[in-house]
There are 2 protein chains.
Amino acid sequence: MSAAFPGAGAESKADLVHRQLKEEIELGELAPGTPLSELWLVERTGASRTPVREALRRLAAEGLVDLVPRQGARVSRVSLQSVRDLFDFRSLLEPAAIRQATEAAATDAELRRVFTAMRSEFARTVRRAPSQARSRAFYELADRFDWAVIGATRNEHLRRTIAELRPHTARLRNLSHVDPRRVEVSVAEHLRMCDALLAGEADEAATAMAEHLTQSLATIFRNLARAPADGLDLLG
Amino acid sequence: MSAAFPGAGAESKADLVHRQLKEEIELGELAPGTPLSELWLVERTGASRTPVREALRRLAAEGLVDLVPRQGARVSRVSLQSVRDLFDFRSLLEPAAIRQATEAAATDAELRRVFTAMRSEFARTVRRAPSQARSRAFYELADRFDWAVIGATRNEHLRRTIAELRPHTARLRNLSHVDPRRVEVSVAEHLRMCDALLAGEADEAATAMAEHLTQSLATIFRNLARAPADGLDLLG
DNA sequence: CCTCGAGCTGTTGTATACAACTTGTATACA
DNA sequence: TGTATACAAGTTGTATACAACAGCTCGAGG
């Protein structure tokens, strides 16, 4: 019983290429602006042009690839303005999402269990000595937190839209350099969100999320001013 | 010089099929649930399977088509829950958008001119005697208003997301029956939005938009309860 | 009467050949 | 020297053939 529902067992080649490329773009292995010729991707992935094209089109719809007709695809560029836009938009969506998650948790014991466990993990993280490993562990945990919030979001459109923004955020993190001191503060922000969510205080949770995003953006900009990052266009 | 920027002059067959299908779905000519076999679309449009597939994939990304792997595409279904989700999401996005538009108009004379002209048109509409023609004219005008707001939205993500929701809203209007009395009220709501926007009162504009959306949803549900609409699943 | 399975039919997934276009280069000319 | 033009290489857009899979009918067996 490997397939839970029809068509779930098999991953099409288009899915495969899409997933691979998405991952590489997210990790920054394919830098912004990198040309993605269909033929090159055919050689690289072993698939034929048809699934490669489909993957590129899908990535373009997600904003990870810029597609110019009759000219080809490139990994989408990242400008200062696009970073601002991304975080402004997240500041609109994610407070609303955590508000819905808070309301959902009020009547869903399993959800409360998940967030309680996460709260413990965040608390453990903050007691560890600063290190590369701790930073990695924290961001992995923060990712799981974000996905949990997304999963608890009732509104289909809201859920899908936030999910689509995540690769952009992840890429930004992998393109810029991590500030170890940021981890301390960010853990505190996540603890605050967990507490509010578990206490059923939707407004407080939303506020905490908004401030968390504001702080994240500020940190990114501060670090960018200091260390003019690798794959970023600083035009905007 | 018909092409303002590279690749703008020619519309690919994929673009064509996409646009045609989108329009037919929006108008309700292709009812929710209608199967969209690739071969059938090939016969219908004259294009080959490759562009047809691309169009279907794009429509699926926009949520207008449901795509089941190895099984095919259908025009996406509309449930009561999906209508609620749509309007809840719009209530989150569009007040923010009109807020940005209001701020933009404060420093953009051309934008003010556009909205002033629209205000006049709305005022003219309200003085006409109720009729089918007036309803059509009003909705066409309301559409232009929405697009103007979208166009004045600074945030790229916000703009794209709202634009992507519009076909869903339009389809809903074309699937259900128009209530002539709603026009009266809706015109007033649009006048209020125009006034606030032109006066530079962003909060008032946002509030007006939020209430407008609330009223729209309420009307749709009221009419649906009375006249169980044609192409809608009433499961949710 | 019901269940199960083989085979058929029609569908989507994939590969590939061909057409149309864009860009860069080399050459001719003012 | 600068400019325009024709050619060539490489790219994407499109059509189509083939492969793999899902659903169905129909008959055999219990």
Side-chain angles (χ1 to χ4, degrees), chain A residues 1-22 25 30 32-77, chain B residues 1-22 25 30 32-77:
Chain A
M1 49 153 280
S2 65
F5 56 91
E11 183 182 43
S12 76
K13 296 214 175 181
D15 292 336
L16 188 89
V17 175
H18 171 78
R19 194 166 48 77
Q20 276 188 1
L21 274 178
K22 187 165 167 178
I25 294 173
L30 289 172
T34 305
L36 300 173
S37 138
E38 293 176 4
L39 233 56
W40 182 63
L41 292 173
V42 163
E43 289 176 9
R44 232 165 144 270
T45 63
S48 78
R49 275 186 66 208
T50 310
V52 164
R53 275 177 74 86
E54 186 178 326
L56 283 176
R57 297 321 216 267
R58 238 189 278 176
L59 290 166
E62 299 169 34
L64 292 172
V65 153
D66 289 335
L67 213 47
V68 182
R70 294 231 164 255
Q71 195 163 337
R74 309 176 88 86
V75 178
S76 71
R77 297 190 176 277
Chain B
M1 51 155 288
S2 66
F5 56 91
E11 183 183 43
S12 74
K13 296 213 174 181
D15 292 336
L16 188 89
V17 175
H18 170 78
R19 195 167 46 77
Q20 278 188 359
L21 274 178
K22 187 165 165 177
I25 294 174
L30 289 172
T34 305
L36 299 173
S37 136
E38 293 176 5
L39 231 57
W40 181 64
L41 292 172
V42 162
E43 288 176 10
R44 233 166 143 270
T45 63
S48 76
R49 277 186 63 207
T50 309
V52 164
R53 276 176 73 86
E54 186 178 326
L56 283 177
R57 295 326 216 266
R58 238 189 279 176
L59 290 166
E62 297 168 32
L64 291 173
V65 153
D66 289 334
L67 212 48
V68 182
R70 292 227 165 260
Q71 197 163 335
R74 309 175 89 85
V75 178
S76 71
R77 298 189 175 278

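Just so it is clear: chains get the letters A, B, ... in the order the sequence lines come, proteins before strands, and each one is counted from 1. For clarity, every value in this text was computed on a predicted model and none was experimentally measured.
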Between [N] ([atom2]) and [X] ([atom1]): distance, integer Å:
{"X": "B:Lys13", "N": "D:dG13", "atom1": "NZ", "atom2": "C1'", "result": "10 Å"}
{"X": "B:Glu38", "N": "D:dT14", "atom1": "CD", "atom2": "P", "result": "15 Å"}
{"X": "B:His18", "N": "D:dT14", "atom1": "NE2", "atom2": "C1'", "result": "18 Å"}
{"X": "A:Arg70", "N": "C:dC21", "atom1": "CZ", "atom2": "P", "result": "6 Å"}
{"X": "A:Leu36", "N": "D:dT12", "atom1": "CG", "atom2": "P", "result": "10 Å"}

Just to be sure I follow the notation: if a pair is Watson-Crick (purine N1 to pyrimidine N3 plus N6-O4 or O6-N4) or a G-U wobble (N1-O2 and O6-N3), each under 3.5 Å, what dot-bracket string does DNA chain C give, with | for pairs to another strand? ||||||||||||||||||||||||||||||

Less than 4.5 Å apart, any side-chain heavy atom of B:Leu39 and any of B:Arg49? yes

Do the side chains of A:Glu62 and A:His18 get nearer than 4.5 Å, heavy atoms only? yes

Could you tell me which residues satisfy salt bridge (Lys or Arg N to Asp or Glu O under 4.0 Å) with [X], sequence neighbours excluded, listed by chain and number?
{"X": "B:Lys13", "value": "none"}
{"X": "A:Arg44", "value": "A:Glu24"}
{"X": "A:Arg70", "value": "none"}
{"X": "B:Arg58", "value": "B:Asp15, B:Glu54"}

Provide the closest heavy-atom pair for A:Ala14 versus A:Ala55 in the form atom of the first, atom of the second, distance. O-CB, 3.9 Å

N/O donor-acceptor pair under 3.5 Å between A:Thr34 side chain and A:Val75 backbone: no

Please confirm whether the shortest side-chain N or O distance from A:Gln71 to OP1 or OP2 of D:dT11 is below 4.0 Å. no

Going by number, which of residues 39-57 of chain A have a non-hydrogen atom under 4.0 Å from DNA chain D? A:Arg49, A:Arg53, A:Arg57

Mind running a 4.0 Å heavy-atom check of residues 58-66 of chain A against DNA chain D and sending the residues that fall below it, in number order? none

Of all residues at least two apart in sequence or in a different chain, which pass the side-chain contact (heavy atoms from CB on, under 4.5 Å) check with [X]?
{"X": "A:Ala73", "value": "A:Leu36, A:Leu56, A:Val65, A:Leu67"}
{"X": "A:Thr50", "value": "A:Ser48"}
{"X": "A:Thr45", "value": "A:Val17, A:Gln20, A:Ala47, A:Val52"}

Selected nucleotide, minimal atom distance to B:Ser37 side chain, candidates C:dA15, C:dT12, D:dG13: C:dT12

